[in-house]
Amino acid sequence: MRELDTNKANTWCSGCGNFGIINAVKKAIHDLNAKEVGTDDIVITAGIGCHGKIFDYLNLSGIYGLHGRALATAQGIKLANPDLKIISFGGDGDSLGEGLEHTLFAAKRNMDITLILHNNGNYGLTTGQFSPLSFQGYKGLSTPFGSIEKPFDAVPLLIEAGATFVARAYSARIDHLCEMIVKAVQHKGFSFVEVLQPCVAYNNTYQLFNQKVKHLEIVPDKLSQALTLARSTEDIYIGIFHQETRAVYHELLYQDANPYRQRKSAAERREHKA
Amino acid sequence: MSENIYTILIGGRAGEGIKKAAQVIAGLLCQAGKQVYQADDYQSLIRGGHNFSTVSSSDETVYAAYQDADLIICFDHRSVEEHAGFLKPGGVLFCNSDESDLEDGAGIPMTSIMKKHYPEGSNIGIVAIAIFCAHHSIHQYIMRNTIKQQFKRNIAENIAFADEIYELVIKKSSEPMDHPFDHQYRFLSGNQAIGLGAYYAGLDFYFAYPMTPASSLLHYLALKKESLGIYAIHAESELAAINMAIGSAVAGCRSAVGSSGGGFALMQEAFSMAGIVEAPLLCVLTSRPGPATGVSTYTAQEDLWFAINQGHGEFPRVVASPDCHERAFSLAAELLSLAWEVQTPAILLTEKQLSEDMRNLHLDQTSLPEASCLMDNCSKDYKRYAITESGISPLQFPQDCPESVVKWNSHEHFETGLRTDAAGAMIAMKDKRNRKNAVLEKATRKYQRVAVYGNGENVIFAYGSTVMELREALKYTDSGFRIVAPIYLEPFPFEELKEYEGKAAIVVEHSSTGQFARFLQWKLKLQTKRNILKYDGRAFDPIKLANLLEEAIHA
Ligand SMILES: Cc1ncc(C[n+]2csc(CCOP(=O)(O)OP(=O)(O)O)c2C)c(N)n1
Ligand code: SF4
C-alpha cells in the first residue's frame with residue numbers, strides 16, 4: 001500500500017474539520033484497497049478553498065483545478081478513462097456557488113464520480129464570507145448585518161438533481177464518514193457525500209453538531225421521507241438518504257469502451273478513413 | 001480576367017430549406033466537374049425573415065461567392081426586391097408568381113403547385129433544384145436520383161413536384177450543361193474540414209456549448225460519432241466544456257473545444273489554467289461580429305487581439321488562422337499536434353465565413369502530423385513538472401505506471417505538482433514554462449507559417465478568410481499584387497516576414513478599428529498604406545474588392 005501522506009506542510013487551522021475528512025479519506029482508501037480498488041486507480045480533483053488543500057496532502061494523482069470546476073475536470077477524466085475511480089473534493093462555495101451548474105449536471109448525468117462536499121457553511125480561505133449553505137443571519141465580512149438569503153439544502157438539492165447515492169456525514173465521526181466514502185466510491189453512478197465540517201475560525205459548529213447529529217439507521221425507502229429527514233433541523237441526520245441504480249453516462253455514451261485505452265494512432269485513422 | 005464564373009442565388013424565408021437546396025445544386029455542379037463555393041446568408045431566426053444562399057462555380061478554384069448572379073430563384077417577394085438588381089446581363093430570375101408579379105422575370109406559381117403535391121408538409125426547396133436542372137437541360141433522371149438521395153422524406157411527393165416544375169421550365173431552357181456528372185467530390189465547410197483535420201491528428205473528444213458559428217463543428221462531430229470515433233459532448237456551458245477538455249487530457253485523451261467570442265470569453269479562466277497546468281488543448285475560436293452577442297450569423301475579424309491575449313497571466317500559446325478550407329484541415333491537425341508537443345493550448349482562430357462557407361476540396365491526409373507527446377518511461381519518482389532544458393516535462397497518465405503519482409496543479413507549483421508560493425520555486429516554474437516559447441518558435445517552423453500568393457510589387461497583408469476573398473479579387477486586376485498571409489500569428493513568423501519589416505503595405509481586414517494593421521505595426525513595424533476595412537458582417541464581393549485595391553494603389 002502506498003504511503004498516502006505528502007511532504008507538504010499542513011496549513012489548516014488546528015481543530016479544523018478538514019482533518020477529520022482527510023483521515024477518513026485515507027482510511028477509506030485502505031478499505032477500498034482491500035476491496036480491489038487500487039490506489040493508482042483513484043484520481044482526485046479539487047476546487048479552490050481550504051478544502052482544496054487536501055489535494056496537496058494526499059499522495060494521489062489528479063488535478064488541482066479551478067474554483068468551482070473540480071467536477072467539470074473530473075467528468076473529463078472519467079470520460080477519457082472510465083476505469084478510473086474519481087473522487088472530487090469541493091467546498092460549499094465551490095460546488096454549490098461558483099460550480100453549482102457542474103454539480104447539478106454531474107448528478108443529472110449520473111456520472112460515475114464521487115463528490116465529497118466540505119460543508120463548513122462559509123468561505124474559509126477567503127476569510128469567512130457567507131456561502132450558499134450559510135444559515136440565514138450568518139455574519140461574515142460580506143454580510144456584516146447577517147445574510148438575508150435562505151440557504152440551499154444540499155442533500156435534497158442533489159437528490160432532486162439526480163444523484164443516485166446521497167449521504168451526509170460529520171467530520172468528527174470518522175468511522176462513519178469513512179464508511180460513507182467507501183460506499184460512495186463503490187456506488188456505480190453519481191455519489192454525493194455532504195460532510196458537516198466545522199470551521200473553527202469562522203463557523204465553529206462542533207457543539208451544535210455534537211448535540212444534534214443522529215445516525216440514520218436505514219436508508220429511507222420513500223423519497224419524501226428522505227427529504228423530510230434531510231431537512232430536519234431539530235435532529236441533524238447523517239447516513240445514506242438515497243440510493244438507486246440508474247444507467248451511468250459513460251456507458252450510455254459508449255458502452256464498455258475506454259477511449260484512452262482504445263485510442264487509435266493517427267496512422268490507423270488515416271488508413272481507416274482513406 | 002476571369003469570366004467563366006457562374007453564380008446562382010436562391011432567396012426566401014428562413015425555414016424554406018434554402019441552404020439545403022443550394023447544397024444540392026452545388027453538389028450537381030461538383031459532379032459536373034466544376035469548382036464550387038457556397039455561402040449562406042441567414043439571420044438568427046428559425047422562420048421568416050430573409051435568407052439567401054449563393055453558389056459560385058467555375059473551371060478554376062473559386063474562393064468567394066459573387067453578388068452578381070446568372071440565375072436567381074426567389075421563393076418570396078422580398079428576395080426579388082433584394083436581389084433582382086444583381087442579375088447579370090443575360091441572366092434569368094425565376095420568381096414565385098403566387099407572391100410577386102414581375103415583368104421580365106419568369107413567374108412560376110411555386111406555392112400553388114407545391115400545395116397540389118403535398119397533402120401535408122411542404123418542400124419549396126425542390127423548386128430551385130428542378131429549375132436549375134431544367135434550365136440547364138440536365139437529364140430528368142439525374143434530377144430525380146439526386147432528389148431521392150438528398151431528401152429522405154416524402155420521396156414520391158418530392159419527385160412529382162420536381163417533375164411538374166421541370167416540365168414547365170424545360171420548354172424555356174437555354175443553357176444546356178453537357179457533362180458526365182460522374183466526378184467524385186468532397187463538399188465541405190471550414191468547420192467540417194477542421195473536424196476532419198483534428199480527427200486525422202488523433203482527436204478523441206470535442207467539448208462545446210452551442211454558439212454560432214462554431215455550432216456546426218459540434219453538430220458535424222456528433223453526427224460522425226460512429227465513423228470517426230470522436231465523442232462530441234454538448235456540455236452545460238463553455239466553462240464546463242473547457243474544464244472537461246482539460247480533464248480528458250489529464251487522463252490521456254486528445255481533446256478540443258470550440259466556440260465564438262462570447263463562449264471564449266467564458267472559457268478564459270480555464271484557458272489560462274491550461275497554460276499553468278500545461279494542458280495540451282486545441283481551441284477553435286470562430287468569430288462573429290461583436291462585442292457580446294453581436295451579430296450572431298455574420299462574419300468578422302474582431303477577435304485577433306482577444307485571441308492573442310486570451311486568458312490571464314503569462315504563458316506560451318499558439319494562435320493561427322487558416323487562409324482557406326484546405327488550410328483549416330491541415331492547421332487543425334498541426335495545432336492539435338503542437339499543443340501536445342509543447343503541452344500548451346493552441347487557438348485556431350477563424351471566422352463565420354470560413355467556418356460555414358462550403359467548397360469542394362481535395363484533402364490530403366497523408367502528410368498531417370500526429371498529436372503525440374513526450375512520455376516518461378515510468379520513472380518511480382515521477383514529477384509532472386520536471387524542470388527541463390526545453391521546458392517540456394515528460395508526461396504520464398493515470399494507471400500507466402502503478403508506482404507513480406501524477407499531480408497537475410492550477411496553482412503555482414513545484415516539480416512534483418504540489419502547490420507553492422515560494423519565491424524561488426515561482427521563478428523556476430515560470431522560467432520553465434517560458435522556455436517553451438523558444439520550442440514553439442522552432443516547432444512551428446515545421447509547418448508553413450506564411451502563405452504568399454502572387455509576386456507583384458503591391459503588397460497586401462491579410463489573414464484568415466480575407467485571404468480567400470483577395471485571391472478571388474485578384475482575378476479582376478492586372479496590377480501586380482502580392483498577398484502576404486501570416487497563418488501563424490503567435491509565435492509570430494518573423495523570419496519569413498522580415499523582408500517586409502518597416503515597409504508599407506495595404507492591409508485588408510474585417511474589423512472597424514484595424515486590429516490586424518495595428519498588430520502588424522507592433523510585430524513588424526509595417527506601415528499601412530491603406531487599411532481596407534469591412535465591418536458589416538458581409539464578405540467582400542470579389543469585383544468590388546478588386547476595385548478597392550486598384551483605388552488603393554492609385555491613391
Ligand atoms: C474564480 C474565482 N473566484 C474567486 C476566487 C477566490 N476564492 C478562493 S477560495 C474561495 C471560496 C472558498 O469557499 P469554499 O469553496 O466554501 O471552500 P472553503 O475555503 O470554505 O473550504 C474563493 C471565493 C477564486 N479562487 N477563483
Ligand atoms: S479557515 Fe476554517 S476551513 Fe479553513 S482551515 Fe481554518 S478552520 Fe479550516
Side-chain angles (χ1 to χ4, degrees), chain A residues 2 6-8 38-45 48 52-53 55-81 83-84 86 99 101-102 104-106 108-109 253-254 257 259-267 269-270 272-274, chain B residues 196 199-202 204-205 207 225 227-229 231 233 235-237 239-255 269-270 273 277 279 333 337 365-366 368-372 384 396-411 413 416-419:
Chain A
R2 181 196 298 169
T6 65
N7 62 7
K8 189 83 192 154
T39 310
D40 44 279
D41 298 326
I42 297 173
V43 167
I44 58 173
T45 74
I48 302 290
K53 294 180 180 176
F55 180 89
D56 279 328
Y57 307 149
L58 285 171
N59 193 29
L60 294 169
S61 293
I63 175 166
Y64 199 159
L66 296 170
H67 184 52
R69 316 285 166 221
L71 268 182
T73 42
Q75 293 179 75
I77 297 172
K78 184 72 191 184
L79 286 174
N81 182 351
D83 293 342
L84 298 169
I86 322 278
E101 56 171 16
H102 311 305
L104 298 184
F105 273 81
K108 171 180 186 279
R109 296 186 180 113
L253 181 69
Y254 51 58
Y260 172 57
R261 304 218 171 283
Q262 296 164 7
R263 287 202 78 256
K264 282 205 175 46
S265 76
R269 288 176 181 212
R270 273 170 221 156
H272 165 72
K273 274 271 123 184
Chain B
L196 271 180
Y199 161 78
Y200 283 121
D204 298 302
F205 282 95
F207 296 95
K225 177 184 168 192
S227 62
L228 299 184
Y231 300 104
I233 311 280
E236 62 268 29
S237 66
L239 295 161
I242 185 164
N243 281 282
M244 284 180 177
I246 292 171
S248 68
V250 170
C253 281
R254 316 298 188 248
S255 24
E269 192 200 20
M273 170 164 89
V277 303
S337 159
Q365 68 264 19
T366 51
L368 297 187
E370 165 160 10
S372 53
R384 164 67 186 100
Q396 265 191 23
F397 301 114
Q399 273 181 339
D400 279 355
C401 310
E403 301 294 325
S404 41
V405 174
V406 188
K407 276 181 163 322
W408 297 52
N409 201 327
S410 75
H411 192 285
H413 41 256
T416 53
L418 295 177
R419 71 180 262 170

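The chains referred to below are lettered A, B, ... by the order of the sequence lines, with proteins before strands, and numbering in each begins at 1.
Shown are A:D83, A:D40, A:N81; of these, the side chain to side chain donor-acceptor pair (under 3.5 Å) with B:Q399 is made only by A:N81.
Looking at heavy atoms from C-beta onward, A:R69 lies in side-chain contact with B:E269 at the 4.5 angstrom threshold. For the pair B:V405 and A:R2, the minimum side-chain heavy-atom distance is below 4.5 Å. At least one side-chain heavy atom of A:Y260 sits under 4.5 Å from a side-chain heavy atom of B:D400. Using a 4.5 Å cut-off on side-chain heavy atoms (C-beta onward), A:L79 and B:Y231 make no contact.
Residues meeting the ring pair (Phe, Tyr, Trp, His ring centres under 6.0 Å) test with A:F105, sequence neighbours left out: none.
For a residue to count as touching a neighbouring chain, one of its non-hydrogen atoms must lie under 4.5 Å from one of that chain's; by this rule A:I44 touches chain B with the side chain only. Residue A:I48 touches chain B through its side chain alone, counting heavy-atom pairs closer than 4.5 Å. Heavy atoms of B:Q396 lying under 4.5 Å from chain A are absent altogether.
Electrostatic pairing of B:E236 and A:R109 counts as a salt bridge here, judged by a charged N lying under 4.0 Å from a carboxylate O. Between B:D204 and A:R269 there is a salt bridge, with a side-chain nitrogen of the basic residue lying less than 4.0 Å from a carboxylate oxygen of the acidic one.
When all heavy atoms of A:H102 and B:S237 are compared, the pair lying nearest together is CE1-OG, 4.0 Å.
Put simply, of A:N7, A:V43, A:D41, the one with the most heavy-atom pairs under 4.5 Å next to chain B is A:D41.
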